[in-house]
Novice: 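Please find one structure pasted underneath; my questions will follow.
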Amino acid sequence: MPELPEVETIVTDLKKLISGLKITNVWSDIPAFQKIKKKIVGRKILGIERKGKNILIGLNQDKTLLVHQKMTGHLMYGKWKRENGAWRSILPGPMRDDPENRFIHLIFFLSNGRQLALCDMRKFAKVVVLPTEKALKELEQLGPEPLAKNFNFKSFSKIIKNKHSKIKSVLMDQSVIAGIGNIYSDEILWLAGIHPVKKATDLKEKELKKIYLATKPVLKRAISARGSSYIDYRDAFGKKGKYQEIQNAYGLEGQKCKKRDGGIIKRIKIGGRSAHFCPIHQKL
DNA sequence: TGCAGTGTTGCTTC
DNA sequence: CGAAGCAACACTGC
């Protein structure tokens with residue numbers, strides 16, 4: 001679920017909320033997660049950063065808590081109480097009676113009395129504690145960060161030009177660019193005016209440039225909107241993102257293209273994923 | 001009722 | 001080797 005904008009939103013918030021705190025206890029109903037308890041209880045949280053869609057929580061003694069939220073995972077900061085076998089938020093706010101609470105599978109108890117909870121309906125999320133060096137090594141295969149200052153057209157086009165897959169799939173390939181998934185690949189191609197099925201290797205210099213130039217604005221706008229909450233994404237405070245209200249392609253099948261070019265947004269399958277595009281201004 | 005579809009990734013297959 | 005297909009899981013909507 002969470003792509004770069006959603007992960008960036010949570011990381012920015014968590015930096016302010018949990019940096020400097022100690023982890024005092026860990027609860028989980030998933031055996032794999034229960035094992036991390038003895039590795040991190042008593043450790044201090046030094047800092048938090050994002051790499052692609054990964055969240056790295058730096059701990060003392062050179063350990064890193066590596067979290068990938070995959071499809072439906074999201075971290076929330078608050079306070080929950082176990083009631084009748086379920087976790088219930090006891091703070092005022094949107095988490096109070098959010099049905100999402102029933103999917104809490106992991107809780108870190110913090111030294112200020114608050115908790116960091118992982119909500120994950122489909123249980124795909126990855127949470128591991130590794131020596132920092134190892135964690136960084138695991139993420140070595142990630143492509144460049146599209147929002148970094150050194151993300152330039154030359155390196156961007158060089159990687160993409162010789163890929164033989166469809167451009168949408170290439171944009172979602174984490175080793176090509178880090179952080180782009182199904183929603184934002186649709187949005188980037190809509191803004192660039194490129195058909196998602198087009199083979200990357202067939203793109204002309206001018207078309208590559210359009211994609212490159214569309215990438216940053218789409219991601220930045222999504223970060224400003226605090227991400228998309230198509231189904232279950234929540235920010236650290238249990239609030240939904242607003243990008244789905246300003247989307248141009250994703251999830252808009254059958255609606256008029258917002259470019260007012262007379263197109264009706266079409267939905268097709270690409271590599272097993274749904275792709276949305278305007279057949280008028282995104283021609284093959 | 002049952003089954004296709006869902007924002008990700010990595011393993012298997014060709 | 002690179003590209004494509006599918007499974008991991010739980011739930012929703014047609």
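Here is the naming used below: chain letters follow the sequence lines, and residue numbers restart at 1 for every chain.
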Novice: Considering only B:dT6, B:dT8, C:dA3, which nucleotide approaches the side chain of A:Ser165 most closely?
Specialist: C:dA3

Novice: When you measure from the side chain of A:Phe103, which nucleotide among C:dC11, B:dT8, B:dT6 comes out closest?
Specialist: C:dC11

Novice: Given C:dC9, B:dT8, C:dT12, which nucleotide is nearest the side-chain atoms of A:Arg102?
Specialist: C:dT12

Novice: B:dT8 C1' sits how many Å from A:Gln141 CD, rounded?
Specialist: 13 Å

Novice: Between B:dT6, B:dT8, C:dA3, which nucleotide gets closest to the side-chain atoms of A:Asn182?
Specialist: B:dT8

Novice: Cation over ring, A:Lys259 on A:Trp190, under 6.0 Å and within 45°?
Specialist: yes

Novice: A side-chain contact here means heavy atoms from C-beta on lying under 4.5 Å apart; do A:Leu219 and A:Glu8 qualify?
Specialist: no

Novice: Going by an N to O cut-off under 4.0 Å, is there a salt bridge joining A:Asp13 and A:Lys239?
Specialist: no

Novice: Check the distance between C:dA8's C1' and A:His68's NE2 and give it to me in whole angstrom.
Specialist: 14 Å

Novice: Could you tell me the separation between the CD atom of A:Gln69 and the P atom of B:dT8, rounded to a whole number of Å?
Specialist: 12 Å

Novice: I want to check one thing: is the phosphate of C:dG2, taken as OP1 and OP2, less than 4.0 Å away from some side-chain N or O of A:Lys163?
Specialist: no

Novice: Between A:Leu110 and A:Tyr77, is there a side-chain heavy-atom distance shorter than 4.5 Å?
Specialist: yes

Novice: Write down the distance separating the P atoms in B:dT12 and C:dC9, rounded off to the nearest Å.
Specialist: 16 Å

Novice: Please determine, for the side chain of A:Arg273, which listed nucleotide (C:dA3, B:dT8, B:dT6) has the closest atom?
Specialist: B:dT8

Novice: Can you see if the side chain of A:Lys199 gets near the phosphate of C:dA3 - specifically, an N or O under 4.0 Å from OP1 or OP2?
Specialist: no

Novice: Using only side-chain N and O atoms of A:Lys269, determine if any of them is under 4.0 Å from OP1 or OP2 of B:dT6.
Specialist: yes

Novice: Can you measure A:Leu4 atom CG to B:dT9 atom P for me and round it to whole angstrom units?
Specialist: 11 Å

Novice: Over how many whole Å does the gap from A:His105 atom NE2 to C:dA10 atom P extend?
Specialist: 7 Å

Novice: For A:Gly181, answer base if it contacts any base atom (sugar-phosphate contacts may also be present), sugar-phosphate if it contacts only those atoms, and nothing otherwise; contact means non-hydrogen atoms under 4.0 Å.
Specialist: sugar-phosphate

Novice: For atom P, what is the distance between C:dC1 and B:dT9, given to the nearest Å?
Specialist: 22 Å

Novice: Once you round it to whole Å, what is the distance between C1' of B:dT8 and NZ of A:Lys126?
Specialist: 12 Å

Novice: Could you check which nucleotide pairs with B:dG10 in any of the strands shown, counting Watson-Crick or G-U wobble with both distances under 3.5 Å?
Specialist: C:dC6

Novice: Toward the 5' end of DNA chain B, which comes first, A:Gln174 or A:Arg122, by nearest nucleotide?
Specialist: A:Arg122

Novice: To the nearest Å, how far apart are A:Asp120 CG and C:dA10 P?
Specialist: 10 Å

Novice: Students often mix this up, so state it plainly: with edges at 30° and 60°, are the rings of A:Tyr212 and A:Phe156 parallel, tilted or perpendicular?
Specialist: tilted

Novice: With respect to the side chain of A:Met121, which nucleotide from C:dC11, C:dA3, B:dT6 is positioned closest?
Specialist: C:dC11

Novice: Check every strand shown and say whether A:Lys166 touches a base, only sugar-phosphate, or nothing at a heavy-atom separation below 4.0 Å.
Specialist: nothing

Novice: Within the structure shown, what part of the strands sits under 4.0 Å from A:Ser169 by heavy-atom distance: base, sugar-phosphate, or nothing?
Specialist: nothing

Novice: Does a side-chain heavy-atom distance below 4.5 Å link A:Asn182 with A:Lys168?
Specialist: yes

Novice: Calculate the interatomic distance between A:Lys70 atom NZ and C:dA10 atom C1'; express it in whole Å.
Specialist: 16 Å

Novice: Taking only N and O in the side chain of A:Ser274, is any of them less than 4.0 Å away from OP1 or OP2 of B:dT6?
Specialist: yes

